[in-house]
Amino acid sequence: FFWNQLIWFFVMYVTGAFFRLFNPIISVKTCWIFLISSIFLLMASFAVFELLAPKMAFLNGYVTYFRWSNSPVAIVASVSMLSLAIRSKGYTNQLVNKVASLVFGIYLLHENFFIKDLLWGRFFNASCCSTVVDRVAHFLFSVIIVFAIGCIVELTRAKLERKFMAKPCK
């Protein structure tokens, strides 16, 4: 399950295409059960690993295993959210559409080889958190900050692109 993030992106893209083309029948109730269960398992895994890691040294490197985007728990959560989105009634919202148009750029930005180490290794390193509550709060805060900065960067990039790319080159 520990693949390159680009390969993982393609796996998730193919999964989405599969759902789009073949529309497997998964009830909304089942999707919600899987989603809530996977989120609960994700949060519980932090507590369990925090309690067991001091007693079992080999677990120290796996405290955040289930948080990784390609862990089994994340797969279940991702597929459940995708299924719920597919089965939801469509609607249009200008703000949602604007934010949705930024998400791919934000993904590419924060998964960039050089920026990823800087963001998660230096600025938002969770090793400073000593308790489960601190670690979860740190992760939530980090994601919100990275998303907000990513939105600003992507909006700026799109504006500059419209400004300079709209004019024909001379």
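The figures here come from the full heavy-atom set of this structure, side chains too, leaving out hydrogens, waters and symmetry mates. Numbers here simply count residues along the sequence, with the first being 1.
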**Student:** With sequence neighbours excluded, what pairs up with Tyr13 under the ring-ring contact (aromatic ring centres under 6.0 Å, His included) test?
**Tutor:** none
**Student:** In Å, rounded to the nearest 0.5 Å, how long is the span from OG of Ser38 to CE of Met81?
**Tutor:** 7.0 Å
**Student:** What distance do Leu102 atom CG and Ile152 atom CD1 have between them, rounded to the nearest 0.5 Å?
**Tutor:** 10.5 Å
**Student:** Name the atoms and distances for all side-chain donor-acceptor pairs under 3.5 Å in residues 139-147, with sequence neighbours left out.
**Tutor:**
unit_1: Ser142; atom_1: OG; unit_2: His138; atom_2: O; d: 2.7

**Student:** Where is the tightest heavy-atom contact between Thr15 and Leu82, given as atom of each residue plus distance?
**Tutor:** O-CD2, 4.3 Å
**Student:** Return the orientation label for the Phe18 and Phe22 ring planes: parallel under 30°, perpendicular over 60°, tilted otherwise.
**Tutor:** tilted
**Student:** Let me check something: do Phe104 and Phe10 share a hydrophobic cluster, defined by ILVMFWY side-chain heavy atoms less than 4.5 Å apart, either directly or through other members?
**Tutor:** yes
**Student:** Looking at residues at least two apart in the chain, or sitting in another chain, which of them share a ring-ring contact (aromatic ring centres under 6.0 Å, His included) with Phe40?
**Tutor:** none
**Student:** Taking all non-hydrogen atoms of both residues, which atom of Leu109 and which atom of Gly150 are closest, and how far apart?
**Tutor:** CD2-CA, 4.0 Å
**Student:** Tell me which donor-acceptor pairs under 3.5 Å the side chains of residues 24-33 have, and how far apart each pair is, sequence neighbours excluded?
**Tutor:**
unit_1: Ser27; atom_1: OG; unit_2: Thr30; atom_2: N; d: 3.0
unit_1: Ser27; atom_1: OG; unit_2: Thr30; atom_2: OG1; d: 2.7

**Student:** Please name all residues satisfying side chain to side chain contact (heavy atoms under 4.5 Å, CB included) with Asn93, sequence neighbours left out, ordered by chain then number.
**Tutor:** Tyr91, Leu95, Val96
**Student:** Say you draw a straight line from NZ of Lys98 to CD of Glu154; how long is it, rounded to the nearest 0.5 Å?
**Tutor:** 9.0 Å
**Student:** Side chain to side chain contact (heavy atoms under 4.5 Å, CB included) with Ser80: which residues, sequence neighbours excluded?
**Tutor:** Phe34, Leu35, Val76
**Student:** Same cluster for Val14 and Leu21 if Ile/Leu/Val/Met/Phe/Trp/Tyr side chains link at under 4.5 Å?
**Tutor:** no
